[in-house]
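One structure is given here, and the rest of the page talks about it.
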Amino acid sequence: MKDENVEQLDQLRETLQKAKSVVALTGAGVSAESGVPTFREAQTGLWARYQPEKLATSDAFLEDPPLVWEWYAWRRELVSSAEPNPAHRALVALENYYPNFALITQNVDGLHAEAGSRNIIELHGNISRVKCFNAHHPVENWDALEGSPPHCPLCGSLLRPDVVWFGEMLPEQALISALGAMQDCEVYFSIGTSALVHPAAALTVEAIKDLDVTVVEINPAETPITPYVDFALNGSAGQILPELVDLLVL
Ligand code: NAD
């Protein structure tokens, strides 16, 4: 473990042991060690020449629906062969330890649920679900439908992944649940997120502004929030989170 992390974990130990209510916000970095690329990492093969931020928009979909649909099909394939990693499992251990624990995630890959986390708030939807573009009808069993993308059996509009694209509103209920979970939390984690994508990043800003909340960031890189958090643990989530769980059980 890095020296600066050892020192910080020592200082954190008592706060973590005493806390009853904890929130963790996770981002793409948590799934990186499962082989799911983050948006900021270079893409490979066929997709190397596209910028994900430009494909994950409704404008891109309207301009070229098959391109965006196929990109999500490729990402869905990647995710379906990915397994939860030690970071996902450590978050399950934290949920088992704390009486109140909420996991707010920007990830759409479903790996937190697969690992066994229960109180998950999906801010950006889930790549395994689809809905139609015009009316947002949820559509089940869409695998069997023809077309790339297929059409909605109810209204005929094109199907799209049920994820939040850049420039779109977050699902209202998820945002309400996230804000509710944060209300009484004593420790707030920001893990594997660049803290650049709003409004999710605004949750962390709110936690930082609240003097009663201890804010802990886990990331191998510096982010815009690093200078303002109480503890910045530098390294991969798959390594640091299990060490943090060890602090609680030892
Ligand atoms: P991001 O791509 O903007 O940033 C990823 C962050 O993770 C970076 O700060 C990076 O330093 C950090 N990181 C990389 N490896 C790490 C590791 N092993 N441990 C800890 N941190 C690590 O991701 P974001 O902030 O989540 O925002 C991107 C948007 O893209 C979100 O809206 C999200 O929905 C979407 N997205 C989701 C997935 C997924 O579901 N797995 C993957 C890519 C993008």
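Both counts, for ligands and for their atoms, begin at 1 and track the order of listing.
Per-residue contacts place Asp109 under 4.0 angstrom from the following atoms of ligand 1 (heavy atoms of the residue considered): 39 (C), 40 (O), 41 (N). If you number the atoms of ligand 1 from 1 as listed, the ones under 4.0 Å from a heavy atom of Gln106 come out as 33 (C), 34 (O). Less than 4.0 angstrom separates some heavy atom of Ala221 from each of these atoms of ligand 1: 11 (O). Listed by atom number, the atoms of ligand 1 under 4.0 Å from Pro37 heavy atoms are 42 (C), 43 (C). If you number the atoms of ligand 1 from 1 as listed, the ones under 4.0 Å from a heavy atom of Ser31 come out as 41 (N). The atoms of ligand 1 that sit less than 4.0 Å from any heavy atom of Gly27 are 26 (O). Taking a cut-off of under 4.0 Å to the non-hydrogen atoms of Ala237, the atoms of ligand 1 that pass are 17 (C), 19 (N), 20 (C).
For atom 13 (N) of ligand 1, the nearest protein heavy atom (residue, atom name, distance) is Gly29 CA, 3.6 Å. Looking from atom 25 (O) of ligand 1 to the surrounding protein, the closest heavy atom is Thr193 OG1, 2.7 Å. For atom 23 (O) of ligand 1, the closest non-hydrogen atom on the protein side is Ala28 CB, 3.5 Å. At the shortest separation from atom 29 (C) of ligand 1 among protein heavy atoms lies Phe39 CD2, 3.9 Å. When hydrogens are left out, the protein atom nearest atom 11 (O) of ligand 1 is Asn219 OD1, 2.7 Å; that is the closest non-hydrogen contact.
Close placement of the Trp142 and Trp69 rings is indicated, their centers lying within 6.0 Å of each other.
Residue Gly192 has at least one N or O atom closer than 3.5 Å to an N or O atom of ligand 1. Between Val108 and ligand 1, at least one pair of N/O atoms sits closer than 3.5 Å. For ligand 1, none of its N or O atoms has an N or O atom of Val36 under 3.5 Å away. Taking distance alone, with nitrogen or oxygen atoms compared against 3.5 Å, Ser236 stays at or beyond that limit from ligand 1. Of the polar atoms of Thr223, none of the N or O atoms is found under 3.5 Å from an N or O of ligand 1, judged by distance alone. The shortest N or O to N or O distance between Ala32 and ligand 1 is not under 3.5 Å.
Classification of Glu63 and Lys54 as a salt-bridged pair fails, no side-chain N sitting under 4.0 Å from a carboxylate O. With salt bridges taken as basic N to acidic carboxylate O contacts below 4.0 Å, one links Arg160 and Glu168.
Between the OG1 atom in Thr105 and the CG atom in Leu91 there is a gap of 9.0 Å [rounded to 0.5 Å]. Distance check: Leu159 CG to Phe61 CZ gives 7.5 Å after rounding to the nearest 0.5 Å. Separation of atoms CG (Asn126) and NE2 (His112) is listed at 11.5 Å; rounding is to 0.5 Å. The structure places CG of Leu111 at 5.0 Å from OG of Ser34, a figure rounded to the nearest 0.5 Å. Residue Leu244 holds its CG atom at 11.5 Å from CD of Gln239, rounded to the nearest 0.5 Å. Separating the CZ atom in Arg89 from the CG atom in Leu241 is a distance of 12.0 Å, to the nearest 0.5 Å.
Not a single heavy atom of Ser34 sits under 4.0 Å from any atom of ligand 1. Remark: distances from the non-hydrogen atoms of Pro220 to ligand 1 include one below 4.0 Å. For the pair Arg75 and ligand 1, a heavy-atom separation below 4.0 Å is found.
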